[in-house]
Amino acid sequence: MTRVIAGTAKGQRLVVPDMGTRPTSDRIRESIFARLDSWNAVANAETLDLFAGSGALAIESLSRGASRATLVDSSAKAIKSVNQNLASTGLSGRASVTRQRALAFLQRGADGTLYELIFVDPPYAMSETELSAHLELLSQMVTNDATIVIERAARSPEPVIPTEWEMLSSRKWGDTAAWFAAPIAHEK
């Protein structure tokens, strides 16, 4: 069972699509957000959740005080779950949901919006080359003080990030790993 860990929607159950998604576990989300909170990266952040699945990462950020969130997923089942979860947590008014492939969303440029907190949690089967292409496009859509969280299989190599970013840290939990990156100008 997936739940919101903290904030205004704490304890609220989240529905997860039947198939095709791999929701970030409560334990991993708690650890990711502990790190983000220690960097003061969540409060008032404009958030982007690529490959949103159930929307748990964006919803957690909204619950903890992010100003707005954009959730992107190509699956109709995922989008249905995201909308149900936003409604049940009362966070729909601060979110925008887009059913679109992440690459197409990034190529479009999100209408000039710049994001401060970004979650990139693609299917584990996505190649490193595909991930790098997504990150390169994403680099044009982040603020100078953005924090980017990339979640992959623990067996995956460290993601190749844009040259204007730096890797801040990483963490592994069983078969899941997360890398934290930021534009080089940013200080954590």
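Just so it is clear, the model here is predicted, and its values are computed rather than measured. No hydrogens, no waters, no symmetry mates; every other heavy atom, side chains included, goes into these values.
- Every side chain to side chain contact (heavy atoms under 4.5 Å, CB included) that Ser31 has, sequence neighbours left out, goes to Arg171, Trp173.
- Here the closest heavy-atom approach between residue Leu138 and residue Trp165 is recorded as CD2-CH2, 3.9 Å.
- Among residue pairs with one or both ends in residues 122-138, those qualifying as salt bridge (charged side-chain N to carboxylate O under 4.0 Å, His left out) are Glu128-Arg152; sequence neighbours excluded.
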Please lay out, stage by stage, how Leu50 and Phe119 fare under the test side-chain contact (heavy atoms from CB on, under 4.5 Å). CA-CA 6 Å; Leu50 288 176; Phe119 298 102; over 6 Å; no
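- Across all their heavy atoms, Ser54 and Ile59 have their closest contact at O-CD1, 4.1 Å.
- You'll find the side chain of Pro183 reaches within 4.5 Å of the side chain of Ile148, heavy atoms only.
- Residues that satisfy the side chain to side chain contact (heavy atoms under 4.5 Å, CB included) test with Ala153, not counting sequence neighbours, are Tyr124, Arg155, Ser156.
- By the criterion of side-chain heavy atoms lying less than 4.5 angstrom apart, applied directly or through intervening Ile, Leu, Val, Met, Phe, Trp or Tyr residues, Leu117 is not grouped with Ile5; the two fall into different hydrophobic clusters.
- Annotation for Arg3: atom CZ counts as buried by contact number, over 12 foreign heavy atoms lying within 6.0 Å.
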Identify every side-chain donor-acceptor pair in residues 92-104 under 3.5 Å, counting partners at least two apart or on other chains, and give the distances.
unit_1, atom_1, unit_2, atom_2, d
Ser92, OG, Leu86, O, 3.4
Ser92, OG, Ala87, N, 3.3
Arg94, NE, Ser67, O, 3.3
Arg94, NH2, Leu62, O, 2.8
Arg94, NH2, Ala66, O, 2.5
Arg99, NE, Ser74, O, 3.1
Gln100, OE1, Arg108, NH1, 3.3

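- One finds the OG atom of Ser132 at 11.0 Å from the CG atom of Leu137 (value rounded to the nearest 0.5 Å).
- The structure places CD of Glu46 at 10.5 Å from CE of Met141, a figure rounded to the nearest 0.5 Å.
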What verdict does the side-chain contact (heavy atoms from CB on, under 4.5 Å) test give for Thr47 and Tyr115, after you've listed the backbone C-alpha separation in whole Å, the side-chain angles of each residue and the deciding distance to 0.1 Å? CA-CA 6 Å; Thr47 303; Tyr115 298 97; 5.9 Å; no
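- Across every non-hydrogen atom of Ala182 and Leu168, the tightest pair is CB-CD1, 3.8 Å.
- Both Met126 and Val72 are assigned to one and the same hydrophobic cluster, defined by single-linkage of ILVMFWY side chains at heavy-atom distances under 4.5 Å.
- The CD atom of Gln12 sits 9.5 Å away from the OG atom of Ser63 when rounded to the nearest 0.5 Å.
- Residues passing the side chain to side chain contact (heavy atoms under 4.5 Å, CB included) test with Ala154 are Lys172, Ala177, sequence neighbours excluded.
- With 3.5 Å as the limit, one finds no donor-acceptor pair spanning the side chains of Ser75 and Asp73.
- In this structure, CD1 on Ile79 lies 9.0 Å from OG on Ser81, to the nearest 0.5 angstrom.
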Output, in order, the C-alpha distance, side-chain angles, deciding distance and verdict of ring-ring contact (aromatic ring centres under 6.0 Å, His included) for Phe33 and Phe180. CA-CA 11 Å; Phe33 276 92; Phe180 298 82; 9.8 Å; no
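- Contact between Gly55 and Leu71 at its shortest, heavy atoms only, is CA-CD2, 3.6 Å.
- A search for side chain to side chain donor-acceptor pair (under 3.5 Å) contacts involving Thr129 returns nothing, not counting sequence neighbours.
- In this structure, Leu57 is not a member of the same hydrophobic cluster as Leu91, with clusters built from ILVMFWY side-chain heavy atoms closer than 4.5 Å.
- Within the structure, salt bridge (charged side-chain N to carboxylate O under 4.0 Å, His left out) contacts touching residues 53-64 (residues at least two apart or in different chains) are Arg29-Glu60, Asp37-Arg64, Glu60-Arg64.
- The ring pair (Phe, Tyr, Trp, His ring centres under 6.0 Å) analysis of residues 125-145, with sequence neighbours excluded, yields the pairs Phe51-His134.
- A search for side chain to side chain donor-acceptor pair (under 3.5 Å) contacts involving Asp175 returns nothing, not counting sequence neighbours.
- Residues Leu131 and Met167 share a hydrophobic cluster, clusters being chains of Ile/Leu/Val/Met/Phe/Trp/Tyr side chains in contact below 4.5 Å.
- Residue pairs meeting the ring pair (Phe, Tyr, Trp, His ring centres under 6.0 Å) criterion with at least one member in residues 137-160, sequence neighbours excluded, do not occur.
- Of all non-hydrogen atoms in Thr2 and Ala56, the two that sit nearest each other are CG2-CB, 4.3 Å.
- With sequence neighbours excluded, the residues that form a side chain to side chain donor-acceptor pair (under 3.5 Å) with Arg35 are Ser169.
- Remark: Asn44 engages no residue in a side chain to side chain donor-acceptor pair (under 3.5 Å) (not counting sequence neighbours).
- Residues Glu164 and Ser139 are in side-chain contact: their nearest non-hydrogen atoms beyond the backbone lie under 4.5 Å apart.
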side-chain contact (heavy atoms from CB on, under 4.5 Å) for Phe105 and Thr70? Distances and angles first, verdict last. CA-CA 11 Å; Phe105 175 84; Thr70 300; 4.0 Å; yes
Please evaluate residues Leu36 and Val149 with respect to the criterion side-chain contact (heavy atoms from CB on, under 4.5 Å), reporting the C-alpha separation (whole Å), side-chain torsions for both, the decisive distance (0.1 Å), and the verdict. CA-CA 9 Å; Leu36 293 172; Val149 181; 4.0 Å; yes
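- Rounding to the nearest 0.5 Å places CD1 of Ile161 at 6.5 Å from CD1 of Ile150.
- The nearest pair of heavy atoms linking Asn85 to Thr89 is O-OG1, 2.9 Å.
- Side-chain N/O atoms of Glu151 and Thr176 include no donor and acceptor closer than 3.5 Å.
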